[in-house]
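Keep in mind that what you see is a predicted model, and the values were worked out from it rather than measured. Numbers restart at 1 for each chain; the letters A, B, ... are given by sequence-line order, proteins then strands.
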Amino acid sequence: MNYLDTLNQPQLEAVKNTEGPTMVIAGAGSGKTRVLTFRIAYLMEQGVDPFNILALTFTNKAAKEMKSRIAKIVGDSEAKNISMGTFHSVFSRILRHHSDKLGYPSNFTIYDTQDSRSLLKAIIKDLKLDDKIYKSAMVGSRISSAKNNLISAAAYQSNTDIISEDRQSGRPRLFEIYKAYEKRCFLAGAMDFDDLLFKTNVLFRDHPEILHFYQHKFRYILVDEYQDTNYSQYILVKKLAAVFQNICVVGDDAQSIYSFRGANIQNILNFKNDYPDYKLYKLEQNYRSSKTIVSAANSVIAKNKNQIQKDVWTDNGEGSKIKVIRTLTDGEEGKTVVNHIYETKVNQQANNYDFAILYRTNAQSRAFEEHLRKINLPYKIYGGLSFYQRKEIKDLVAYYRLTANPTDEEALKRIINYPKRGIGKTSIEKVAVCANHYGVSLWDILSDSQQYPCDIPSGTRNKMNDFITMIESFKIELDKKDAYELGAHIARSSGILKNLYDDKSPEGVSRYQNIEALLTGLKEFVENETDKDNIYLNDFLMDVALLTDADDEKEEDKDKITLMTIHASKGLEFKYVYVVGLEENLFPSQMALNSRSELEEERRLFYVAVTRAEKECTLTYATSRFKWGNLTTAEPSRFIEEIDSKHLELSGTSYKGGGRSLNAVNSNHKIVGKNFNMPKRKLTKMSDLPNGVKNLNSAKLLDLKVGYNVKHARYGKGKVMALEGTPPTKATVFFPTHGNKQLLLKFAKLEVLN
DNA sequence: CTTGCAATGACTGAT
DNA sequence: TCATTGCAAG
C-alpha cells in the first residue's frame, strides 16, 4: 500500500502541496509527525535532492526517528543527506564551517548552562559586585533573553529602555557583566547555547555570500513545533527561506509552552503577515486519545483567550473518565500512583512503556521513584541531572575539551586541580587576574610565562608546567589516535580513573562505572560512524554539549515506566498518563500567577499533559507536601475545576479490591473524599537498597510465578515454590544444592530463566 | 593547600 | 531535603 493512502484529506494536502509558504496547524495527536515525515519523503520522490532539504525539529531524538522513518520510504543512503536536527545542532555545524569568519576556532567549545553560570559568577566577583543582587541565574537569563532577541552587549548598553529597566531593578551595571561575558566567551573560544543561534545570525548578517549559499542549499525548509521558536530562530528561518519561500511550518498554538526561554507565540500567529499568499492546513482529527480525553482537554484550553480557532475531534471510543485522586501527602501520592500503575499493568496486561508520570517540576520525581523501586517496577527518569551533567563525566569531558581547545576557560578551571595536584584557589585567582590584565586566556598565562609574567611561587609554577605539558601531550594525539583511544588514554593519564578507582564508597564505585560507560559510549561512537575512516575526539565533542538523555536511549531502557516533566513530554504519547501534583502554586506554578499570559501558558502546559494520554488519564494532588524540608499545605489546582465535570470520575472504582475507601468528588468537583487506607508495610528507605537493585530485571521479577526456574548469584539454579505479597516481595525457592531458601526479591537479584 | 564541618539558599521549565 | 559555599584549623 502506498504510504500516502494512509493519510486523511487535510494531511494529504499538507503533504502534496510542496511549493510556497505553508502553515500546518496540528492539534494534539493529529498525526503531525506523519505529515512532516511523508512530506519530506514525498519531496524526495518528486526528485528533490536531500541536500536541499532542511528540517528543524525540537529534539535530536525526534530528528533521528523521523530520519529513520523517511529512510524506510526512500532508502538509507538518501535519507542521511537531509539536514535534520534541532536548531542548535544544525546551526552549530554550520558555525563550525565558518567560525573563522567570526574570529572563532572551528573547534570552539559549547558552554552549557553550568559553564555559563560559573563564568558569570567569576565576572561578578571580578567586578566586585554583590552576588546577592547580581545573582548568576538572574543575570544569565537576562543575557539569554537579550541574545534571543538579537541584542548584543553593545546594543544592550545603548538601549535606553533596557538600561532603565536594569536601573529600576537595582542592577545598573548588568550591561558591564554582559560585556565582560561576551568578551570572556570570545577569548575562551566558547559559545553558549544562545550564541549558536545568535552567532549564526551574525554570520548571515555580515557575510551575505554565506547566507546566499545556504539560501540556495536549503530550497525546502520545514520547521516543527513552530509555536516554540524565539525571535532569533524566527529570523534565521525567515532569512534562509527568503529566496525560494518553500517554507513549511508545523505547530499548535495551544501547545506553546516555552515562552520562558524566549519562544514567541506571535511567530505562528504572524505567519500570515510574513507570507500573505501562504497556504493553511488544519489537522483537527485526533488519532491518539479517547473522546473523553480530547473533550476534557478542549474544555480546558477553551478558557484561553488568545488562540487560533480549531476544533479537535476524534473517532476513537468514549474511553474511561478522567480520575481525580486526592492524597494527604506527596509520599502517599507516590504510593497511590505506583499501586495504581501496578494494578492497571496486571489487569490490562500493559507494558511498562505504556505508563508515564508527568509532573510540573523535576523535584517531584522522588516520591514516585521511591515507590517504584519498592515494588521493583523499572522506570526511567528524563531530565533532571542528565548523564552528561554528572560531575565525573563533566570532569573527564573537560579534559577532552581543554585538549581540543586550550583556551576553554571553564574546562581549565574545572580540572587544573582535579585530581589534586596542589594548584589551589589562590593560585588560580592570581592567574585569572593576570589574564584579565593582559586580556588573554588563562591558558596563555600558564603556557607562556615569558610573555605574560605573573608572580607565582616557583613550586606552584612547576606544578602548573607539569599540567600544561600533560595537556599538550594529549593535544599531539588529537588527530593521531581515534576518539576512543585518546579518550581512554586521557582518562588513564590524567589520573581520573585511578582517583575514582581508589574511592571504594558506593558513590565512588558508581562514578567509576559512569566513566566506564562514557568510554564505552566513545567506543560505540567510533564504531557506529561508518562514513569516515577515523573518528576523532573533536567529532565527539562537537555535539556532546547538545546531547540529552533522551537522545541516546538504550535498548534496555525501552520497557520502562517514564517519569518526566510535562515540558519534556511534548510530542510523546502513552496509553496511561498520570499528571501529578495538581495543586495551586505548584501547577499552576506560583511564578505564573502574576499575569494572564503566564497563567495561559500554564494552562497550555496542562493541555499538553492531558493530551499525551491515549486510553486513560489520571490526575492527582496532595493536600500537603514537603517543600525545602517542611510540610506545606496545598489547595487543588484550578485546572481540575476547569475540566467539564462530566468527564471526571466523581466517585467509584479507581481501585479494585482491598476494601479501601475511595476518593469521591461531588458534582461541584470539590473533592470531599477521604484518603486511602494504605496497606501497612514497612517502608524501606532508598538508601537501604543495595547498589544496582534498581534496574535488575525487575520487569521479569514482577511476573514471577510459582514453578518458574530462577538463578541466584550464590545458590545457582532453583525453582520457585511459593510467593508472598502482591506484588510478590518474598519467595521460597528450592535449590538442588542448598535446599529451600526464603528470599526477599528486592535483595536476592534473581534471574528469571523461563 | 587541604580537610572537615557549619551555614546557606534553592524548586519552574531546557537546548 | 540536598548540594554547594565559607570558614577555621591542620
Undergrad: In whole Å, what is the span from the CZ atom of R461(A) to the P atom of dC1(B)?
TA: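 Answer to the nearest Å: 14 Å.
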Undergrad: Classify F587(A) by what it touches in the nucleic acid, base, sugar-phosphate, or nothing, heavy-atom distance under 4.0 Å.
TA: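 Nothing: the residue F587(A), judged by heavy atoms under 4.0 Å, touches no strand.
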Undergrad: Over all strands shown, is S427(A) touching base, sugar-phosphate only, or nothing at heavy-atom distances under 4.0 angstrom?
TA: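 Contact class for S427(A): sugar-phosphate only.
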Undergrad: Which part of the nucleic acid does K121(A) contact within heavy-atom distance under 4.0 Å: base, sugar-phosphate only, or nothing?
TA: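 Sugar-phosphate: the residue K121(A), judged by heavy atoms under 4.0 Å, touches backbone atoms but no base.
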Undergrad: What's the closest nucleotide to the side chain of T426(A) if the choices are dC1(B), dT15(B), dG13(B)?
TA: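 So the nucleotide nearest the side chain must be dC1(B).
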Undergrad: Please confirm whether the shortest side-chain N or O distance from N362(A) to OP1 or OP2 of dA14(B) is below 4.0 Å.
TA: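 Checking N362(A) against dA14(B): at least one side-chain N or O falls below 4.0 Å of OP1 or OP2.
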Undergrad: State which of dG13(B), dA14(B), dC1(B) makes the closest approach to the side chain of E601(A).
TA: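 Of the candidates, dG13(B) comes closest.
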Undergrad: Can the positive tip of K199(A) be found less than 6.0 Å from the middle of the six-membered ring of Y104(A), inside 45° of the ring normal?
TA: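 Verdict for Y104(A): no cation-pi partner in K199(A).
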Undergrad: Taking CD from Q227(A) and C1' from dG13(B), how many angstroms apart are they, rounded to a whole number?
TA: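 In whole Å, dG13(B) C1' lies 15 Å from Q227(A) CD.
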Undergrad: Report yes if a side-chain nitrogen or oxygen of S589(A) is closer than 4.0 Å to either non-bridging phosphate oxygen (OP1 or OP2) of dC11(B); otherwise report no.
TA: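 False: S589(A) side-chain N/O out of range (4.0 Å or more) of dC11(B) OP1/OP2.
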Undergrad: Among dT5(C), dC2(C), dA10(B), find the nucleotide with the atom closest to the side chain of W628(A).
TA: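 Closest of the options to the side chain of W628(A): dA10(B).
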Undergrad: Could you pick out which residue, F260(A) or K132(A), lies toward the 5' side of DNA chain B when each is mapped onto its nearest nucleotide?
TA: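 Result of the comparison: K132(A).
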Undergrad: With the side chain of K420(A) defined as its heavy atoms from C-beta on, choose the nearest nucleotide among dC1(B), dT2(B), dG13(B).
TA: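 Closest nucleotide among those given: dT2(B).
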Undergrad: Starting at the 5' end of DNA chain B and moving along, which residue's nearest nucleotide shows up first, R117(A) or K425(A)?
TA: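 It is K425(A), whose closest nucleotide lies nearer the 5' terminus.
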Undergrad: Would a distance-only check, ignoring hydrogens and angles, find a side-chain to backbone donor-acceptor pair under 3.5 Å from N267(A) to T229(A)?
TA: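 Pair found, side chain donor or acceptor close to backbone of T229(A).
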Undergrad: CZ of R414(A) versus P of dT4(C): gap in Å, rounded?
TA: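 Roughly 10 Å, once rounded to whole Å.
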Undergrad: According to the interplanar angle, ranging from 0 to 90°, do the rings of Y258(A) and F58(A) count as parallel (below 30°), tilted (30 to 60°) or perpendicular (above 60°)?
TA: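 Ring orientation, 0 to 90° scale: tilted.
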Undergrad: How long is the line joining CG of D131(A) and P of dA7(B), in whole Å?
TA: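 It works out to 19 Å between those atoms.
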Undergrad: What's the CZ-C1' distance between F606(A) and dG13(B), to the nearest Å?
TA: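 Rounded to whole Å, this separation is 17 Å.
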Undergrad: Between dC1(B) atom P and Y418(A) atom OH, what is the distance in whole Å?
TA: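 After rounding, the reported distance stands at 19 Å.
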Undergrad: Considering every strand and a 4.0 Å limit on heavy-atom distances, what is the contact class for N417(A): base, sugar-phosphate, or nothing?
TA: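 Sugar-phosphate: the residue N417(A), judged by heavy atoms under 4.0 Å, touches backbone atoms but no base.
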Undergrad: Which of these nucleotides, dT15(B), dA10(B), dA14(B), is closest to any side-chain atom of H88(A)?
TA: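 Ranking dT15(B), dA10(B), dA14(B) by closest atom to the H88(A) side chain puts dT15(B) first.
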Undergrad: What integer distance in Å separates E429(A):CD from dC1(B):C1'?
TA: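 Nearest whole value for this atom pair: 15 Å.
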Undergrad: Dump the intermediate steps for side chain to side chain donor-acceptor pair (under 3.5 Å) on D194(A) and S232(A), then the final yes or no.
TA: CA-CA 9 Å; D194(A) 304 315; S232(A) 183; over 6 Å; no
Undergrad: Assess the residue pair R638(A) and E642(A) against the criterion (salt bridge (Lys or Arg N to Asp or Glu O under 4.0 Å)); give the C-alpha distance rounded to whole Å, side-chain angles, the decisive distance to 0.1 Å, and a yes or no.
TA: CA-CA 6 Å; R638(A) 68 190 71 191; E642(A) 287 179 5; 5.6 Å; no
Undergrad: Give one of base, sugar-phosphate or nothing for K135(A), where a contact means two heavy atoms less than 4.0 Å apart.
TA: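 The answer is sugar-phosphate, as K135(A) gets under 4.0 Å only of primed atoms, P, OP1 or OP2.
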Undergrad: May I have the distance from L586(A) (atom CG) to dG13(B) (atom C1'), rounded to whole angstrom?
TA: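 Answer to the nearest Å: 12 Å.
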Undergrad: Can you figure out which of dC11(B), dT5(C), dG13(B) approaches the side chain of H567(A) most closely?
TA: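 Comparing dC11(B), dT5(C), dG13(B) against the side chain of H567(A), the answer is dG13(B).
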Undergrad: Closest to the T565(A) side chain: dC1(B), dA14(B), dC11(B)?
TA: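 Nearest to the side-chain atoms of T565(A), counting from C-beta on, is dA14(B).
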Undergrad: Start with the C-alpha distance between H98(A) and Y214(A), add both sets of side-chain angles, then the distance that settles ring-ring contact (aromatic ring centres under 6.0 Å, His included), and finish with yes or no.
TA: CA-CA 12 Å; H98(A) 309 285; Y214(A) 286 105; 5.6 Å; yes
